[in-house]
**Student:** 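Quick one: this structure, given as structure tokens, is what I'll be asking you about.
Residue numbers begin at 1 in each chain, while the letters A, B, ... track the order of the sequences.
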Amino acid sequence: MAEPARWWLMKTEPAVFGLADLRRLGVAPWDGVRNYQARNFMRAMRLGDRVFIYHSNASPSGIAGLATVARTAYPDHTAWDPSNEHFDAKSAPSAPRWDMVDLRFDAALPRFLPLALLRETSDLADLPLFTHVRLSVQPVPEPEAAVIRRLAGLPR
DNA sequence: GCCAACGTTGGC
DNA sequence: GCCAACGTTGGC
């Protein structure tokens, strides 16, 4: 029997690549992550895991939608491309340093959840969103994920 | 645009 | 291994 899907939160700047872009593409690689902790969380993702898409540097910032892991971690080739904004000379095809996953658009939240609302929800205070504010890929424990789903007006 | 928080780099 | 300098994230 398959293990239950786990929940994650991934940040993105909507002006660069937002939920609307993911919706338009259907499935898209989540490239450009250049932080080891975030990379390691992506490596831990399993097919079918669920992802809250968080819009950062937005007005307002907050959780906008849902996605599903459609392909597990594989090398992020944009790190090898000198013309790419996320180029990293220390990564090479023979020894990839950075990984990405593919996400499939799932849904926009029935209710967008602005950061201010998340912050004032005491049941969410332990989320890495608040304790590790710069972490762009982070796990969301099931109790917190349930709180977020309820706040967002999603069916349980 | 400002700036606090914090991850990374590199000199020693 | 320490830590100052630097660059980036991300809220406001």
Side-chain angles (χ1 to χ4, degrees), chain A residues 6-25 28-45 49-69 72-141 143-145 147-154:
Chain A
R6 292 171 300 182
W7 289 83
W8 305 90
L9 181 145
M10 298 175 87
K11 298 181 187 176
T12 188
E13 299 189 33
V16 178
F17 187 93
L19 188 70
D21 299 292
L22 184 60
R23 167 185 265 155
R24 179 169 43 80
L25 295 172
W30 206 261
D31 62 320
V33 173
R34 298 292 181 267
N35 169 283
Y36 291 105
Q37 205 178 353
R39 179 202 66 183
N40 292 343
F41 282 131
M42 284 198 295
R43 286 181 174 174
M45 290 178 179
D49 278 359
R50 311 296 303 283
V51 180
F52 293 112
I53 301 298
Y54 177 92
H55 282 169
S56 59
N57 272 316
S59 44
S61 294
I63 302 176
L66 287 183
T68 300
V69 175
T72 55
Y74 62 105
D76 181 347
H77 56 79
T78 66
W80 311 329
D81 174 4
S83 69
N84 191 281
E85 134 181 56
H86 301 294
F87 173 68
D88 179 1
K90 291 173 181 165
S91 187
S94 57
R97 172 173 297 210
W98 303 112
D99 280 3
M100 57 189 177
V101 296
D102 286 356
L103 294 188
R104 175 183 303 109
F105 175 83
D106 206 341
L109 295 190
R111 282 196 292 274
F112 175 83
L113 298 177
L115 179 59
L117 173 65
L118 299 171
R119 183 176 276 140
E120 71 192 21
T121 304
S122 56
D123 286 345
L124 301 178
D126 291 338
L127 281 184
L129 190 62
F130 305 114
T131 61
H132 298 81
V133 294
R134 296 180 53 182
L135 186 61
S136 63
V137 179
Q138 48 186 267
V140 180
E144 282 87 346
V147 170
I148 294 170
R149 296 196 300 270
R150 179 172 49 74
L151 288 174
L154 286 164

**Student:** Side chains of R39(A) and S136(A): do they bring a donor and an acceptor to under 3.5 Å?
**Tutor:** no
**Student:** With salt bridge (Lys or Arg N to Asp or Glu O under 4.0 Å) as the rule and sequence neighbours excluded, what pairs involving residues 100-128 of chain A come up?
**Tutor:**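 Counting only pairs at least two positions apart or across chains, the salt bridge (Lys or Arg N to Asp or Glu O under 4.0 Å) contacts touching residues 100-128 of chain A are R50(A)-D106(A).
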**Student:** If the sugar-phosphate is the primed atoms plus P, OP1 and OP2 and the base is the rest, what is the B/S/- string for nucleotides 7-12 of chain C, using protein heavy atoms under 4.0 Å?
**Tutor:** BBSBBS
**Student:** Measure the shortest side-chain to side-chain distance between V101(A) and V51(A) over non-hydrogen atoms and say whether it is less than 4.5 angstrom.
**Tutor:** no
**Student:** Please find out if less than 6.0 Å separates the ring center of W98(A) from that of Y36(A).
**Tutor:**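 Here the rings of Y36(A) and W98(A) have centres that are less than 6.0 Å from each other.
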**Student:** Do W7(A) and D49(A) meet the criterion of a side-chain donor-acceptor pair at a distance under 3.5 Å?
**Tutor:**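 There is no such pair (donor and acceptor under 3.5 Å, judged by atom type) between the side chains of W7(A) and D49(A).
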